[in-house]
Colleague: 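The structure follows.
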Amino acid sequence: MSTLYAKINTDWNENFIGYSALAIILSTCLGSMAVLLTMMQGNGVSQMIEIFVVVAACSAHNASILTVQKPALVLKLLVLSLTISILVMLANLL
């Protein structure tokens with residue numbers, strides 16, 4: 001697993017500008033789907049907490065790109081954002 005991450009990290013660093021645009025689109029789309037699935041379950045406190053976590057993760061990733069952080073940090077935040085969005089979507093589908 002670490003060799004896969006190392007390969008992705010190397011490629012990410014070499015093509016950071018191109019991948020940044022794609023990462024913003026991917027993070028935002030998955031985040032919005034997670035929020036949609038959460039809102040379909042109702043509008044209680046637990047749903048609002050889930051939405052807050054998803055929006056915070058996606059916003060942190062997008063902000064790291066806009067504030068020109070190091071590529072390694074942006075990649076870690078992308079992985080975190082995608083993981084949180086996918087987990088929230090799965091939790092609301094099951």
Side-chain angles (χ1 to χ4, degrees):
M1 184 69 172
S2 64
T3 57
L4 175 64
Y5 181 78
K7 289 178 183 178
I8 291 172
N9 192 24
T10 302
D11 193 38
W12 177 267
N13 289 331
E14 291 174 5
N15 303 308
F16 180 65
I17 299 298
Y19 285 142
S20 293
L22 293 175
I24 287 174
I25 294 168
L26 179 64
S27 175
T28 304
C29 286
L30 279 180
S32 64
M33 286 190 288
V35 168
L36 173 72
L37 287 172
T38 303
M39 290 300 292
M40 288 173 65
Q41 302 299 319
N43 59 356
V45 174
S46 62
Q47 286 85 14
M48 293 302 126
I49 291 171
E50 288 179 24
I51 290 172
F52 172 77
V53 171
V54 169
V55 170
C58 293
S59 295
H61 168 255
N62 291 344
S64 70
I65 292 174
L66 293 174
T67 58
V68 194
Q69 299 298 316
K70 294 180 181 178
L73 176 65
V74 175
L75 180 59
K76 289 176 185 175
L77 287 172
L78 173 63
V79 170
L80 178 70
S81 171
L82 296 180
T83 303
I84 289 173
S85 294
I86 290 170
L87 288 176
V88 168
M89 287 185 342
L90 288 175
N92 286 304
L93 285 174
L94 299 178

Colleague: Do L36 and M89 belong to the same hydrophobic cluster, where Ile, Leu, Val, Met, Phe, Trp and Tyr are linked whenever their side-chain heavy atoms lie under 4.5 Å apart, directly or via other members?
Modeller: yes

Colleague: According to a hydrophobic-cluster definition based on side-chain heavy atoms being under 4.5 Å apart (Ile, Leu, Val, Met, Phe, Trp, Tyr only), do L82 and L80 belong together?
Modeller: no

Colleague: Look only at the side chain of S64 and the backbone of H61, and say whether a donor-acceptor pair between them is shorter than 3.5 Å.
Modeller: yes

Colleague: Do D11 and K7 have side-chain heavy atoms sitting under 4.5 Å apart?
Modeller: no

Colleague: Are M33 and M48 co-members of a hydrophobic cluster defined by side-chain heavy atoms under 4.5 Å apart?
Modeller: no

Colleague: Is it the case that one hydrophobic cluster holds both I84 and L73, taking links as side-chain heavy atoms less than 4.5 Å apart, direct or via other members?
Modeller: yes

Colleague: Say you draw a straight line from OG of S20 to CG of N15; how long is it, rounded to the nearest 0.5 Å?
Modeller: 10.0 Å

Colleague: Tell me, do Q69 and L77 make a side-chain contact under 4.5 Å, heavy atoms counted?
Modeller: no

Colleague: Would you say L30 ends up clustered with V74 if hydrophobic residues are merged whenever their side chains have heavy atoms under 4.5 Å apart, either directly or through other cluster members?
Modeller: yes

Colleague: Answer whether the closest heavy-atom distance between the side chains of W12 and L78 falls below 4.5 Å.
Modeller: yes

Colleague: Which residue is it: V88, N43, I49? I am looking for the one with a side-chain contact (heavy atoms from CB on, under 4.5 Å) to T38.
Modeller: V88

Colleague: Could you tell me whether a side-chain N or O of S27 sits under 3.5 Å from a main-chain N or O of A23, the two making a donor and an acceptor?
Modeller: no

Colleague: Counting C-beta onward and ignoring hydrogens, is there a side-chain heavy-atom pair between M39 and I51 closer than 4.5 Å?
Modeller: yes

Colleague: Answer whether the closest heavy-atom distance between the side chains of M40 and L37 falls below 4.5 Å.
Modeller: yes

Colleague: How long is the gap from CZ on F16 to CD1 on I65, to the nearest 0.5 Å?
Modeller: 6.0 Å

Colleague: Please give me the minimum heavy-atom distance between N92 and A34, naming the atom from each residue.
Modeller: ND2-O, 4.4 Å

Colleague: For Y5 and L75, what are the C-alpha separation, side-chain angles and deciding distance, and is it a side-chain contact (heavy atoms from CB on, under 4.5 Å)?
Modeller: CA-CA 10 Å; Y5 181 78; L75 180 59; 3.9 Å; yes

